[in-house]
Amino acid sequence: MDQIKRKQKPLKVLFGASEVVPFSKTGGLADVSGALPLALSELGMEVKVITPLYRKKTDFEKTKPHSKVKIEMGNKKISVDIRQANFPGTGVTCLLVDYPEYFGRDELYSYPDDAERFTLFSKVIFAHLVSEGNYDVFHGNDWQTCPVFYYIKAENLSNCYSLLTIHNLQYQGVFPKEIMEIAGFDPSLFYPAGPVEFYGDVSFMKAGIFFADKVNTVSEGYAGEIRTPEYGEGLEGVLNEKGVVGILNGVDTTIWNPAADTQITATYNYHDLSGKKKNKKALQEHFKLRVTDAVPLIGMISRLADQKGFDILLESFDEIMSMPLQIVLLGTGQQQYHEAFADMQKKYKNKFGLFLGFNNSLAHQIEAGSDFFLMPSRFEPCGLNQMYSLRYGTVPVVRSTGGLADTIIDIDCNSIAGNGFSFSDYSGDALVDAIKRAVSRYGKKGWEDIVVRTMTSDVSLEAQARKYLGLYHCMIINSVVDNAVV
Ligand code: ADP
C-alpha cells in the first residue's frame, strides 16, 4: 500500500556514476551521466547525481559542503566529505565525494588501488542512501558503483529499487580475492561461479548484475550481443539468467547542436549548410591540410583502444590514404596506437591530421567540420559520436555492431531511411569497401539530401529518459506484485 501511495509522488532517484559532465569526463559515460539525470528531472522526478570529486578536474571553489559520512574500510574508519554543486543552469544537484587521497589524482582510473577507491565511492553512496532514507531508486552505472547493489540487498534497504546500467561490459572491476573483506562482501558469496567470483578473482560487475533489481545496457543491439559468448566477456550466463533491457542513449542538444554550438567556427542548420563549409576550412587549417572542398574530410574522435577498431584501420591505412580524401583523428589511449598513428602522420602529412590527447572543443570542431565520421568499432555498446555526427550532418561510416547497428542505416541498403554507411565483417577489406562507397557519394547529385537526412535523424534524449522512467516504474510495480503474491 505504502509503495502504491509513493508512486503518486515524484520518484526520488539517486544516480551514481564515476564520471559526469561537466565535472569530469573520459568517455560516453560522462556524457550520459550529465544529460540523462537532467532529462529525468524534466519529466518530474527528483533526481540527484553522485560522483567522485576529482580535484584536478573539478573546480573545488565552485562546490559547497553538503554532509559528512563515516566509512569503514577494512579495519580503518574514515570520515568523508560530500560536497555539492548544481548542474549549470538547472536546479539539479550533483553530490561530489571528496576524498583527495583517492580522487585528487591526475587521472580518473587505472591506479593499483582502484578497487579500494571505488569501494569507498560505493560505500559513500550507500551511506547517503541510508541517511536520506527516502530514495525510491538507486540507478548505478558500470562496475565503479556495483558494490552498492550488494549493500542494498545485504542491509535490506527496503523500498529502494536498484537499476544497473552497463555502459561497457569490457571494464568489469575484477580484483584479487583480498578485496572481499574491504568491500564487505559476505565470504559465503565467494565460490566457483558464485555471485562475486570470476575465475578465482572478484568481479564487481558480476556482483552488480547479480544483486541489482534490474540490469540494462545502452542499446538493444548490445543487450542482445552481451548474452552471447562472443560479446559477453564471460558474464553471458549471469546476464541471460538476469535478463538485460536495451535503452539507446540520446543526445544532449544543449551541448551538441550545430545551430548553437559556441565551440565551433560557424553555426549552421539543415536549412543553411554554409556554416559547415566554414568549419571544414577551419579544421583543415587547424591541421595544416590542403584547404579544399573537392575531397571529403573524414573525422574520428575516440579513445585509442582495441575496442574501437584501430587494428583494422591501421591494416588498411595505406589503401585508404590512396583514395581522394583527408582524415583527422583526435584520440588518446593505448601507447601502441599513439606510436602507429604518429608514424602515419609523418607519412601522410598533407592528408592526415592527428591530435593525440583529450580536447573537448576540438571534438566539437571535428564534428562540425568533417564530411564523414568513422567508427570501425569491434564492439560498441551505444556510441555517442555517431549520434553527434548525425546532428552535425557529418555522415557516419560505421561497423554495424551494438548501438552503431541500432542507429545507422546503410544508404545503399535503404535509400529512403539510410543515414550513413555501414559494414559487417570486422576486416580491413570491409572497412575499405565502406569508405569507398561513402567517398563515391561525396559531392555528387543527392549529397546534400543525405546530409539533411542525417541531421533530421531522431536521437532524442527525452525518448531515452521516458524509457528509464518506464523501467523504474516497472521495478516498483513488479515488487508490489511480488509482495502481494507472497
Ligand atoms: P566511449 O564511451 O566508448 O569512449 P562514446 O562514443 O560513447 O565512446 O563516447 C565518447 C565520448 O568521449 C564522446 O563525447 C567523444 O566526443 C568524447 N571523446 C573521446 N575521446 C576524446 C578526445 N580525445 N578528446 C575529446 N573528446 C573525446
Side-chain angles (χ1 to χ4, degrees), residues 17-36 57 107-110 141-144 165-171 217-219 221-222 225-226 231 233 247-258 261 263-264 283 286-287 299-310 328-334 337-338 341 353-370 373-392 394 396-399 401-408 420 459 461 464:
S18 58
E19 52 184 276
V20 177
V21 165
F23 305 103
S24 58
K25 172 167 170 176
T26 69
L29 169 63
D31 290 356
V32 175
S33 306
L36 176 61
K57 311 277 174 192
E107 301 303 331
L108 273 58
Y109 314 118
S110 300
N141 295 272
D142 281 349
W143 70 263
Q144 294 88 349
T165 299
I166 299 172
H167 295 259
N168 192 331
L169 192 61
Q170 198 175 46
Y171 304 99
T217 185
V218 287
S219 70
Y222 193 59
E225 287 172 352
I226 57 176
Y231 293 93
E233 305 282 348
I247 299 181
L248 194 68
N249 289 333
V251 171
D252 184 345
T253 51
T254 61
I255 296 177
W256 296 96
N257 176 6
D261 192 331
Q263 306 196 65
I264 61 180
L283 193 56
H286 178 90
F287 280 107
M300 294 187 81
I301 305 160
S302 181
R303 286 183 295 114
L304 298 181
D306 293 334
Q307 172 203 336
K308 300 291 182 178
F310 290 111
V328 295
L329 166 62
L330 162 63
T332 176
Q334 290 171 223
Y337 294 125
H338 280 231
F341 284 114
L354 177 67
F355 183 89
L356 293 168
F358 197 92
N359 185 326
N360 194 42
S361 52
L362 184 55
H364 282 251
Q365 187 64 36
I366 291 176
E367 284 294 2
S370 304
F373 195 89
L374 182 59
M375 292 178 79
S377 306
R378 181 184 287 276
F379 70 91
E380 195 60 72
C382 176
L384 288 168
N385 273 121
Q386 85 280 13
M387 295 201 271
Y388 300 155
S389 302
L390 291 174
R391 294 275 311 163
Y392 282 71
T394 302
V397 179
V398 305
R399 172 158 182 264
T401 179
L404 295 174
D406 287 4
T407 48
I408 304 305
V459 288
L461 186 59
Q464 177 198 9

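Counting starts at 1 for both ligands and their atoms, in listed order. Owing to the predicted nature of the structure, the values given are computational and were not obtained by experimental measurement.
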Undergrad: Does His167 reach ligand 1, in the sense of a heavy atom lying below 4.0 Å from it?
TA: no
Undergrad: Do His338 and Thr332 make a side-chain contact, defined as non-hydrogen atoms from C-beta onward lying under 4.5 Å apart?
TA: yes
Undergrad: Could you tell me whether ligand 1 has any atom less than 4.0 Å away from a heavy atom of Gly357?
TA: yes
Undergrad: For ligand 1, is there an atom lying under 4.0 Å from some heavy atom of Gly331?
TA: yes
Undergrad: Could you tell me the residue and atom name of the protein heavy atom closest to atom 2 (O) of ligand 1, and the distance to it rounded to 0.1 Å?
TA: Gly28 N, 2.6 Å
Undergrad: Is there a donor in the side chain of Ser389 and an acceptor in the side chain of Glu367, or the other way round, less than 3.5 Å apart?
TA: yes
Undergrad: Can you confirm, on distance only, whether ligand 1 has an N/O atom lying under 3.5 Å from any N/O atom belonging to Thr26?
TA: no
Undergrad: Please test Thr217 against Ile226 for side chain to side chain contact (heavy atoms under 4.5 Å, CB included), starting from the C-alpha separation and ending with a verdict.
TA: CA-CA 9 Å; Thr217 185; Ile226 57 176; 4.2 Å; yes
Undergrad: If the cut-off is 4.0 Å to any non-hydrogen atom of Asp31, which atoms of ligand 1 fall inside it?
TA: 11 (C), 13 (C), 14 (O)
Undergrad: With a heavy-atom distance limit of 4.0 Å, tell me whether Lys308 approaches ligand 1 through its side chain, its backbone, both, or neither.
TA: side chain
Undergrad: So, Phe310 versus Phe341, ring centres under 6.0 angstrom or not?
TA: yes
Undergrad: In this structure, which one of Ile247, Leu248, Thr165 forms a side chain to side chain contact (heavy atoms under 4.5 Å, CB included) with Val218?
TA: Thr165
Undergrad: Assess whether a salt bridge exists between Glu380 and Lys308, defined as any Lys/Arg side-chain N lying under 4.0 Å from an Asp/Glu carboxylate O.
TA: yes
Undergrad: Name the closest protein heavy atom to atom 22 (C) of ligand 1, giving the residue it belongs to and the distance to 0.1 Å.
TA: Phe358 CD1, 3.5 Å
Undergrad: Below 4.0 Å from ligand 1: does a non-hydrogen atom of Tyr388 turn up there or not?
TA: yes
Undergrad: Quick check: do Ser18 and Leu108 have side-chain heavy atoms less than 4.5 Å from each other?
TA: no
Undergrad: May I ask you to check whether Gln144 and Tyr171 show a side-chain donor-acceptor distance below 3.5 Å?
TA: no
Undergrad: With a heavy-atom distance limit of 4.0 Å, tell me whether Ser302 approaches ligand 1 through its side chain, its backbone, both, or neither.
TA: backbone
Undergrad: Less than 4.5 Å apart, any side-chain heavy atom of Lys57 and any of Phe23?
TA: no
Undergrad: Looking only at protein heavy atoms, which one is nearest to atom 24 (N) of ligand 1, and how far off is it?
TA: Asn359 N, 3.0 Å
Undergrad: Minimum distance, heavy atoms only, to atom 13 (C) of ligand 1: which one of Val218, Leu384, Asn385 is it?
TA: Asn385
Undergrad: Pull out every atom of ligand 1 sitting under 4.0 Å from any heavy atom of Gly383, numbered as shown with elements.
TA: 6 (O), 7 (O)
Undergrad: Suppose we measure from atom 19 (C) of ligand 1 to each protein heavy atom; which comes out shortest, and what is that distance?
TA: Ile301 CG2, 4.0 Å
Undergrad: Show, in sequence, the C-alpha distance, side-chain angles and deciding distance for Lys25 and Asp31, and conclude whether the salt bridge (charged side-chain N to carboxylate O under 4.0 Å, His left out) test is met.
TA: CA-CA 8 Å; Lys25 172 167 170 176; Asp31 290 356; 2.8 Å; yes
Undergrad: Among all protein heavy atoms, pick the one closest to atom 4 (O) of ligand 1 and tell me residue, atom and distance.
TA: Arg303 NE, 2.8 Å
